[in-house]
Number of protein chains: 2
Amino acid sequence: MRHDGRLSRMLHVLLHMEEQQRPMTSEEIAGMLGTNPALVRRTLAGLREGGYVVSERGHGGGWMLGRPLAEMTLRDVYDAVGSPEIFALGLADDQPQCLVEQAVNTALRQTLDEARALLLRRFAEIRVSDLRDDFASRAAALGLNVGLSCADA
Amino acid sequence: MRHDGRLSRMLHVLLHMEEQQRPMTSEEIAGMLGTNPALVRRTLAGLREGGYVVSERGHGGGWMLGRPLAEMTLRDVYDAVGSPEIFALGLADDQPQCLVEQAVNTALRQTLDEARALLLRRFAEIRVSDLRDDFASRAAALGLNVGLSCADA
DNA sequence: TATCACGAAACAACAGAAGTTACATGAGCC
DNA sequence: GGCTCATGTAACTTCTGTTGTTTCGTGATA
Ligand code: FES
Ligand code: FES
């Protein structure tokens with residue numbers, strides 16, 4: 001089953017966006033992610049609706065942060081990209097007649113819900129700015145000056 | 001993304017298997033699950049390797065429990081069906097050069113690992129027999145005598 | 001008005017479980 | 001021995017949702 005990389009990618013984009021003092025075009029971002037502009041626009045559209053980023057058209061246009069990274073959590077971003085399905089594991093039948101299967105569903109559902117709750121709770125605790133700080137620590141530890149490390153940059 | 005129902009289905013099968021005093025054929029089981037015999041054999045093959053079920057060929061053959069339900073946990077069954085991927089969420093790139101993306105991956109991976117650990121811990125705590133007991137309680141609460149509730153039975 | 005860049009729709013590609021078909025193999029039964 | 005039942009296994013198709021791609025429309029700047 002193919003994985004859903006939208007949350008991962010958008011976090012990456014947001015962090016890079018903060019480093020820039022200018023709007024980033026969909027094409028730049030696409031090159032960064034190894035994909036194409038249309039997909040970038042499609043996914044960033046969700047973040048725009050939430051006010052996390054702002055887009056501008058025409059000359060000098062592109063994407064910019066709509067608010068500080070300290071004011072958005074991973075949970076916010078997760079929801080902004082459409083709250084995608086978390087689990088690949090699923091139930092064979094959601095509303096079975098069979099009592100046996102109902103017992104199976106109850107147990108699995110309960111466990112999955114618990115894991116989901118933990119995950120979303122953690123997401124809500126982590127600000128995107130925390131990732132930037134972690135990034136800064138990494139760079140410092142390696143004695144690097146902060147800059148783009150992208151292969152195509 | 002399509003869900004992985006192997007764990008769910010095999011639990012269902014194991015519970016029904018215990019009710020029977022005779023081997024169940026792949027065809028019977030397939031009818032129960034709403035699928036076909038080849039898929040049943042394919043999936044049950046994993047459980048056989050773990051000794052959770054036993055298969056017999058020829059006349060009067062079929063599938064039977066290889067050990068009591070009290071001696072297998074959901075974790076055992078999960079592993080027996082091949083330890084399928086738990087999450088639909090994933091990272092865009094597993095080993096990125098970009099320090100920013102590494103920071104993103106670290107945070108996401110840590111959170112996913114935590115949720116996965118919780119899930120597997122719970123699975124290891126639940127015996128398949130616990131599901132049977134839950135099933136029995138349901139049946140009793142409804143004043144039903146235990147029997148097949150399958151539409152095609 | 002020419003160009004830039006987003007907006008959005010439409011469609012093909014891809015991955016992995018599920019579904020299906022087909023045939024070989026072995027076990028019982030007559 | 002030969003027939004039938006049922007598993008064992010491989011090969012192939014179908015299904016579903018993200019991803020990838022193309023195309024055209026719209027607004028903004030120079
Ligand atoms: S991908 Fe993050 S720097 Fe290019
Ligand atoms: S499906 Fe469980 S009784 Fe038929």
Side-chain angles (χ1 to χ4, degrees), chain A residues 1-10 12-13 17 20 22-49 53-64 66 78 81-94, chain B residues 1-10 12-13 17 20 22-49 53-64 66 78 81-94:
Chain A
M1 156 186 329
R2 200 175 221 183
H3 282 191
D4 186 327
R6 283 177 286 185
L7 172 58
S8 162
R9 283 178 152 174
M10 289 305 100
H12 184 186
V13 169
M17 231 175 244
Q20 305 291 332
R22 56 179 180 77
M24 297 184 73
T25 68
S26 304
E27 195 154 5
E28 277 179 301
I29 296 171
M32 197 170 92
L33 296 178
T35 180
N36 61 74
L39 178 58
V40 170
R41 287 197 274 268
R42 188 195 300 167
T43 314
L44 274 173
L47 295 188
R48 183 185 50 223
E49 284 178 30
V53 298
V54 177
S55 63
E56 206 85 33
R57 297 203 266 199
H59 266 293
W63 301 87
M64 290 179 60
Y78 168 75
V81 296
S83 311
E85 179 58 53
I86 292 175
F87 295 107
L89 256 45
L91 306 176
D93 182 352
D94 266 306
Chain B
M1 157 189 329
R2 200 175 219 183
H3 282 191
D4 186 326
R6 283 178 286 185
L7 172 58
S8 161
R9 282 178 153 174
M10 288 306 100
H12 184 184
V13 169
M17 230 175 244
Q20 305 291 333
R22 57 180 180 79
M24 297 183 73
T25 68
S26 304
E27 194 154 6
E28 278 179 300
I29 296 170
M32 197 170 91
L33 296 178
T35 179
N36 61 74
L39 178 57
V40 170
R41 286 196 276 267
R42 187 196 298 167
T43 313
L44 274 173
L47 295 188
R48 182 184 50 223
E49 284 178 31
V53 299
V54 177
S55 64
E56 206 85 34
R57 298 204 263 197
H59 265 294
W63 302 86
M64 289 179 61
Y78 168 75
V81 295
S83 310
E85 178 60 51
I86 293 175
F87 296 107
L89 256 44
L91 306 176
D93 181 351
D94 265 306

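Within every chain, numbering begins at 1; the chains are lettered A, B, ... in the order of the sequence lines, protein sequences first and strands thereafter.
Counting atom types as modelled, A:Arg42 pairs no side-chain N or O with a base atom of D:dT18 as donor and acceptor under 3.5 Å.
At a threshold of 4.0 Å, the pair B:Glu28-B:Arg22 counts as salt-bridged, since one of the basic side-chain nitrogens sits closer than that to a carboxylate oxygen.
Inter-residue side-chain proximity for B:His3 and A:Glu85 is flagged as met; some heavy-atom pair is nearer than 4.5 Å. Inter-residue side-chain proximity for B:Thr43 and B:Leu39 is flagged as met; some heavy-atom pair is nearer than 4.5 Å.
Atom pair A:Leu47:CG and C:dC6:C1' shows a separation of 15 Å (rounding to whole Å applied). Regarding A:Phe87, its CZ atom lies at a distance of 17 Å from the P atom of C:dA17, rounded to whole Å. Rounded to an integer number of Å, the gap from B:Asn36 CG to C:dA17 P is 16 Å. As a whole-Å value, the separation of B:Leu39 CG from D:dA10 P is 15 Å. Between A:Arg41 atom CZ and D:dC24 atom P there is a gap of 15 Å when expressed in whole angstrom units. At whole-Å resolution of the value, CE in A:Met10 and P in D:dT19 are 9 Å apart. Between the CG atom of A:Leu44 and the P atom of C:dA8 there is a distance of 13 Å, given to the nearest Å. As rounded to whole Å, 4 Å separates atom C1' of D:dG27 from atom CZ of A:Arg57.
Residue A:Thr35 has no polar side-chain atom (N or O) positioned under 4.0 Å from OP1 or OP2 of D:dT19. OP1 or OP2 of C:dA5 has not a single side-chain nitrogen or oxygen of A:Thr25 nearer than 4.0 Å.
Looking only at distances, no side-chain donor or acceptor of A:Ser26 sits under 3.5 Å from a matching main-chain atom of A:Val40. Without hydrogens or angle criteria, B:Ser8 side chain to A:Ala92 main chain gives a donor-acceptor distance under 3.5 Å.
Considering only the side chain of B:Ser55, D:dG8 comes nearest among C:dG7, C:dG19, D:dG8. Comparing C:dT3, C:dG19, C:dA17 against the side chain of A:His59 picks out C:dT3 as the nearest. Taking the side chain of A:Ala38 as heavy atoms from C-beta on, and the options C:dA18, D:dT7, C:dA8, the nearest nucleotide is C:dA8.
Toward the 5′ end of DNA chain D lies the nearest nucleotide of A:Arg6, the other residue of the pair A:Glu56 and A:Arg6 mapping further downstream. With the nearest nucleotide of DNA chain D identified for both B:Gly61 and A:Gly60, B:Gly61 has the one nearer the 5' end.
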